[in-house]
Colleague: 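I am attaching a structure below and will ask some questions about it afterwards.
Note that the structure is a prediction, hence the values are computed from the model and not measured. Only this structure's heavy atoms are used, side chains among them; waters, hydrogens and symmetry mates stay out.
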Number of protein chains: 2
Amino acid sequence: MTALDRGETHAQRAVITLRQRILNGDLPGGTRLFEVALAEELGISRTPVRAALARLAEEALLDRTSGGGFVVRSFAVADVVDTIELRGVLEGTAARLAAERGAPVGLLTEADMILCQIDGLFLAEQFDMDGYSQLNTQFHNLLARLSQSAVLIREIERTTALPFASPSAFLDDQSRQAELIKTLAAAQAQHRAIIEAITNREGFRAESLAREHARAARRNVEFLLSHEPALREGVPSLAILSA
Amino acid sequence: MTALDRGETHAQRAVITLRQRILNGDLPGGTRLFEVALAEELGISRTPVRAALARLAEEALLDRTSGGGFVVRSFAVADVVDTIELRGVLEGTAARLAAERGAPVGLLTEADMILCQIDGLFLAEQFDMDGYSQLNTQFHNLLARLSQSAVLIREIERTTALPFASPSAFLDDQSRQAELIKTLAAAQAQHRAIIEAITNREGFRAESLAREHARAARRNVEFLLSHEPALREGVPSLAILSA
DNA sequence: TGTGATCGGGATGTATACATGATGATCCAA
DNA sequence: TTGGATCATCATGTATACATCCCGATCACA
């Protein structure tokens with residue numbers, strides 16, 4: 001409405017704002033969201049608020065209540081672990097299908113290029129974590145596409161939309177960078193093994209490797225949660241966890 | 001608004017109507033849905049129509065277009081096959097987790113009761129397909145719950161909401177009832193084996209069996225589609241397939 | 001003829017008033 | 001005191017008018 005629109009609608013901005021607050025933990029799980037209150041707070045009318053809430057429900061960040069309202073979805077530790085497990089299962093299926101059905105050479109080449117770029121990062125003096133994070137995300141997106149299954153790609157996207165389930169979750173944990181980098185070499189070896197298995201049409205091996213690969217994230221969560229709560233503070237991906 | 005409301009809102013009724021039309025194939029994949037047109041046709045205003053469209057997008061029956069509208073999602077044969085495969089993968093994971101984590105005795109007992117009831121159906125002179133369909137659905141719901149994972153239960157529900165991916169899809173195919181019944185005995189044997197594997201904490205076996213169990217549905221689809229289109233006519237679950 | 005600007009129609013986006021319905025407090029009566 | 005009815009309150013549901021924006025058609029110009 002105002003002159004400073006950046007081509008975004010009120011509803012889109014409301015989605016972004018609310019998503020941020022939920023992921024930050026500012027809106028803890030179980031919090032009921034009232035249309036009128038949000039509308040007043042955001043300075044818009046109820047209509048775009050309703051639209052925003054519906055979209056966040058689509059993203060699985062909100063649950064619909066029986067009466068017709070919305071509450072922030074609660075994520076317990078078990079949910080985080082299970083969602084990561086689910087990602088492993090889905091990516092494993094993508095890898096298996098890629099092996100069984102045969103992957104397009106073009107995509108395999110693309111995968112190889114990404115892996116070579118990651119290799120390059122390990123040679124630098126100062127490890128570029130942001131660069132790794134980006135390339136890692138690219139690799140995992142590519143893995144989904146290798147399955148050549150629109151259904152699977154869709155579901156993997158859905159699942160990894162949750163911050164703690166994304167392939168690059170926990171890479172932003174500043175306090176443990178040094179230890180983290182060591183584990184990334186092992187992760188990269190797994191990347192290569194997965195692509196090798198797909199290339200060789202070894203479906204079972206490809207699936208097993210992709211599953212195990214996701215276990216690294218699970219170990220990370222379990223480590224972070226088994227220690228002082230102070231450790232969790234520096235890990236944005238875990239802010240959404242309910243108390 | 002009129003006096004004949006059955007406690008349902010206009011939006012809820014619009015969801016039901018539109019869902020029916022999509023599943024029937026009356027609204028083919030790719031059809032764009034316009035708010036104004038639907039509102040006029042359904043005799044309600046745009047507001048509940050918008051709400052209905054948002055909910056159907058949540059159910060993955062509609063896709064949002066870039067411009068802000070909605071189109072009916074297209075389901076090609078490959079999508080149907082992959083979705084059934086996905087169900088197998090998810091149910092397999094549920095079975096594996098149940099085995100690995102240990103299933104509550106109460107749920108295992110419940111499973112056994114359902115299986116005994118199904119056994120009973122095979123003894124009757126006239127096979128009760130509706131009864132089987134119901135018990136089969138119950139069994140699959142229970143299998144999800146055996147995993148004791150809220151995340152997995154949620155995703156299995158989401159996936160099986162599509163008519164052709166439901167565990168009891170294709171049981172309503174009237175033309176092939178006789179042949180169908182023969183295959184159901186094998187399916188029931190798989191049911192028992194899955195529960196046995198879970199009871200014995202045999203995770204890998206439980207997962208493999210559940211996956212194979214879903215393959216029966218896939219074989220059914222592939223059989224139906226490899227023959228005269230006439231065969232498809234009597235199979236409501238496949239009406240949604242795009243041409 | 002190709003290219004780009006302009007304009008119009010139709011679609012979604014938004015605000016708002018009012019309707020409806022659920023919920024809980026209050027008060028009366030047994 | 002307890003049960004239940006009633007009513008106020010506040011939430012969502014709905015209709016509708018208006019705003020905005022996208023897109024395609026048309027036309028002028030190079």
Colleague: What pairs with T160(B) under side chain to side chain contact (heavy atoms under 4.5 Å, CB included), at least two apart in sequence or on another chain?
Modeller: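 Side chain to side chain contact (heavy atoms under 4.5 Å, CB included) list for T160(B), sorted by chain: R87(B), I156(B), P167(B).
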
Colleague: Between C1' on dT14(D) and CD on Q12(B), what's the gap in Å once rounded to a whole number?
Modeller: 13 Å

Colleague: Can you check whether H10(B) has a side-chain N or O nearer than 4.0 Å to OP1 or OP2 of dT20(C)?
Modeller: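 The answer is no; no side-chain N or O of H10(B) sits under 4.0 Å from OP1 or OP2.
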
Colleague: Please examine the side chains of I118(B) and Y132(B), heavy atoms only from C-beta on, and report whether any two atoms are closer than 4.5 Å.
Modeller: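 A side-chain contact exists here, since the closest heavy-atom pair is under 4.5 Å.
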
Colleague: To the nearest Å, how far apart are E8(B) CD and dT20(C) C1'?
Modeller: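 After rounding, the reported distance stands at 16 Å.
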
Colleague: Between R50(A) and dG13(D), is there a side-chain N or O to OP1/OP2 distance below 4.0 Å?
Modeller: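 Affirmative; the distance criterion is met.
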
Colleague: Is R158(A) salt-bridged to E58(B), going by a charged N under 4.0 Å from an acidic O?
Modeller: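 No salt bridge links R158(A) with E58(B).
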
Colleague: Describe the nucleic acid contact of A51(A) in one word from base, sugar-phosphate, nothing, applying a heavy-atom distance below 4.0 Å.
Modeller: nothing

Colleague: Within a strict 4.5 Å, meaning less than it, do heavy atoms of the V15(B) and H10(B) side chains meet?
Modeller: no

Colleague: Under 4.0 Å from any atom of DNA chain C, heavy atoms only: list the residues of residues 29-47 of chain B that qualify, in numerical order.
Modeller: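 Result for residues 29-47 of chain B: R32(B), L33(B), F34(B), E35(B), V36(B), R46(B), sorted by number.
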
Colleague: Once you round it to whole Å, what is the distance between C1' of dT12(C) and CG of L53(B)?
Modeller: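 Going from L53(B) (CG) to dT12(C) (C1'), I get 11 Å.
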
Colleague: With sequence neighbours left out, write down each residue that passes side chain to side chain contact (heavy atoms under 4.5 Å, CB included) with D79(A), or none if nothing qualifies.
Modeller: F75(A), A76(A), A150(B), V151(B)

Colleague: Could you check whether R145(B) pairs with E110(B) (Lys NZ or Arg NE/NH1/NH2 to Asp/Glu carboxylate O, under 4.0 Å)?
Modeller: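 Salt bridge: yes.
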
